[in-house]
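Just below is one structure, and these are the notes that go with it.
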Amino acid sequence: AKGAGRNRVRVFSPDLRSAVEQKVLVAAELQEAIDDGQLVLHYQPVLHLPTGDVTGVEALVRWQHPQRGLLAPCDFIPLAEQNGMVVPLTRWVLGEAARQTAEWERAGMPLVTGVNISAAHFGTGSLVADVHDALEAADLAPERLVLELTETSVAEDPLRAAAQFAQLRIAGVEVAIDDFGSGFSSLSQLVSIPAGVLKLDRSLIAGTETRRSESAAAIAAVVGLAKACGMRSLVEGVETADQLALVRELGCTLAQGYFIARPMPAAQLPQWLAEHGG
Ligand code: C2E
Ligand code: CA
Ligand code: CA
Ligand code: CA
C-alpha cells in the first residue's frame with residue numbers, strides 16, 4: 001500500500017516532501033540502525049606526551065548504512081540532535097565503548113576512552129544514570145571513561161551543568177571540555193567547571209601553519225590556563241611532526257591527530273598499539 005511504499009523511502013532521498021517527514025524517517029532509520037547493529041565505533045589514539053605512551057582513545061561513531069555505505073557523524077548526529085534520537089544513540093555508544101574498553105583492559109591494554117556527549121543529552125538529566133548503567137553492564141571502573149562535552153552544552157544552562165558535573169565527579173567519571181577555542185569561549189565559565197581535561201580545538205594548532213608565533217602563543221596561554229585550573233590539556237588535530245614537537249614544547253599533556261593515528265576500527269587497535277603504543 002501507500003504506507004509501505006513510503007516506508008521504503010530511505011534517508012536523504014531528494015523526493016521527501018517536507019523537513020518534518022525527513023526527520024521522522026531519519027528517527028525511525030536511526031532506531032533501526034541501533035537495533036540492527038549498523039552503528040560502529042572507531043577509536044583514535046591519544047598520546048601522553050611526558051611518557052610517549054598511548055594512554056587513551058576517543059570513540060567516534062559511524063553508521064554503516066545498508067544503502068549509503070559508511071556515514072560520518074556529521075551526516076547524522078545533527079539530525080539525531082534535532083529529532084531526539086541522540087540520547088538513545090549515545091546510550092548505545094556509552095554501552096559499546098564501555099564494553100570494548102573492559103575487553104581491552106582484560107587483554108592487558110588499559111586505556112581511558114573518551115565518549116562525545118551532546119548538549120541535548122546533558123540537558124535531560126538522564127546522563128548520570130546512563131553512564132552508570134553502561135559502566136555496570138561492562139563491569140568497568142568509572143576512571144576508564146571520559147565524557148567529552150563542548151562548551152556550548154555547558155553554557156546553555158550553567159547551573160544544571162554544574163550540578164551534573166558534581167554528580168559525575170562523585171561517580172568517579174572524568175569530564176573533558178571539547179573543542180575549546182572553536183567558538184566564543186567564556187573563560188569565567190571555564191574556571192568554574194570542574195573538568196579534568198581541556199581539549200584544544202584543532203583550529204588552534206592548524207593556525208600555526210600560517211601564523212606560527214601568534215598561534216603558538218595562544219596555545220601556550222590556554223595550556224597555562226588549564227594548568228592553573230588543575231586541568232590537563234589535550235591538543236587535537238596534530239597533523240605533522242612539527243606540530244607534535246611544538247605541542248610538546250608548549251607543555252601540553254596529551255595530543256591527538258592524524259600524525260599520531262587516524263581513527264580505526266576496534267579490531268585494528270591491538271596491533272597498532274603493539275607497533276606504536278610505546
Ligand atoms: P570531535 O569530537 O572534535 O572529534 C574529532 C574529529 O576530528 C573526528 O572526526 C576525527 O576523525 C577528526 N580528527 C582527528 N584528528 C584529526 C586531524 O589530525 N586532522 C583533522 N582534520 N581531523 C582530525 P569525526 O570522527 O568525523 O567526528 C566528527 C565529530 O562528530 C566529532 O568531533 C564529534 O563532535 C561528533 N561525534 C563523533 N562521534 C560522536 C558520538 O558518538 N556522539 C556525538 N554526540 N557526537 C559524535
Ligand atoms: Ca570529541
Ligand atoms: Ca574535539
Ligand atoms: Ca567537534
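Both ligands and their constituent atoms are indexed starting at 1 by order of listing. The figures that follow rest on heavy atoms only: side chains count, while hydrogens, waters and symmetry mates do not.
For ligand 1, the atoms lying closer than 4.0 Å to a non-hydrogen atom of Glu236 are 3 (O). Taking every non-hydrogen atom of Gly237 and a distance limit under 4.0 Å, the qualifying atoms of ligand 1 come out as 17 (C), 18 (O). Shown in contact with Asp178 at under 4.0 Å from a heavy atom are these atoms of ligand 1, numbered in order with element: 2 (O). Atoms of ligand 1 found under 4.0 Å from any heavy atom of Asp179, numbered from 1 in the order shown, are 3 (O). The ligand atoms of ligand 1 that sit less than 4.0 angstrom from a heavy atom of Val238 are 18 (O). For ligand 1, the atoms lying closer than 4.0 Å to a non-hydrogen atom of Val93 are 41 (O).
No part of Val115 comes within 4.0 Å of ligand 1, judged by heavy-atom distances. Contact annotation for Ile77 and ligand 1: only side-chain heavy atoms (C-beta onward) come within less than 4.0 Å of the ligand. With a heavy-atom cut-off of 4.0 Å, Gln256 does not touch ligand 1 at all. Heavy atoms from both the backbone and the side chain of Val61 come within less than 4.0 Å of ligand 1.
Contact annotation: Glu236 places no N, O or S atom under 3.0 Å from the Ca ion (ligand 2). In summary, Glu148 places an N/O/S atom under 3.0 Å from the Ca ion (ligand 2), meeting the contact criterion.
Every side chain to side chain contact (heavy atoms under 4.5 Å, CB included) that Pro142 has, sequence neighbours left out, goes to Leu135, Val173.
Thr113 and Thr101 share a donor-acceptor pair across their side chains, judged by distance under 3.5 Å alone. The closest side-chain donor-acceptor pair between Thr55 and Asp53, if any, does not fall under 3.5 angstrom. Between the side chains of Ser118 and His121, no donor-acceptor pair of N or O atoms lies under 3.5 Å. With hydrogens and angles left out, the side-chain atoms of Glu275 and Gln271 include a donor and acceptor closer than 3.5 Å.
At under 3.5 Å, not a single nitrogen or oxygen of Val86, backbone or side chain, sits near a nitrogen or oxygen of ligand 1. For ligand 1, the polar-atom distance check finds an N/O of Gln44 within less than 3.5 Å of one of the ligand's N/O atoms. An N or O contact shorter than 3.5 Å links Arg202 to ligand 1 by distance. For Glu81, no nitrogen or oxygen atom sits less than 3.5 Å from a nitrogen or oxygen atom of ligand 1, counting backbone and side chain alike.
Comparing Glu58, His121, Glu148, Glu239 against atom 21 (N) of ligand 1, the shortest heavy-atom distance belongs to Glu239. Here the shortest heavy-atom distance to atom 37 (C) of ligand 1, taken over Ala261, Ala255, Pro73, Cys74, belongs to Pro73.
Looking at Asp179 and the Ca ion (ligand 3) together, the shortest N, O or S contact belongs to OD1. Its N, O or S atom nearest to the Ca ion (ligand 2) is what matters here, and for Glu58 that atom is OE2. Taking the N/O/S atoms of Asp178 in turn, the shortest distance to the Ca ion (ligand 3) belongs to OD1.
Within the 4.0 Å heavy-atom shell around ligand 1 one does not find Thr90. Using a 4.0 angstrom heavy-atom cutoff, His42 does not count as in contact with ligand 1. Note on ligand 1: Pro263 sits in its first shell, one or more heavy atoms being nearer than 4.0 Å.
Considering every non-hydrogen atom in both Ser215 and Leu204, the closest pair reads CB-O, 3.9 Å.
Its side chain within the 4.5 Å cluster rule, Leu234 clusters with Val46, Val197, Leu254 among the Ile, Leu, Val, Met, Phe, Trp and Tyr residues.
Remark: of the listed residues Leu244, Thr253, Val235, Leu244 is the sole one forming a side chain to side chain contact (heavy atoms under 4.5 Å, CB included) with Leu49.
Here the two rings, on Tyr43 and Trp272, have centers that are 6.0 Å apart or farther.
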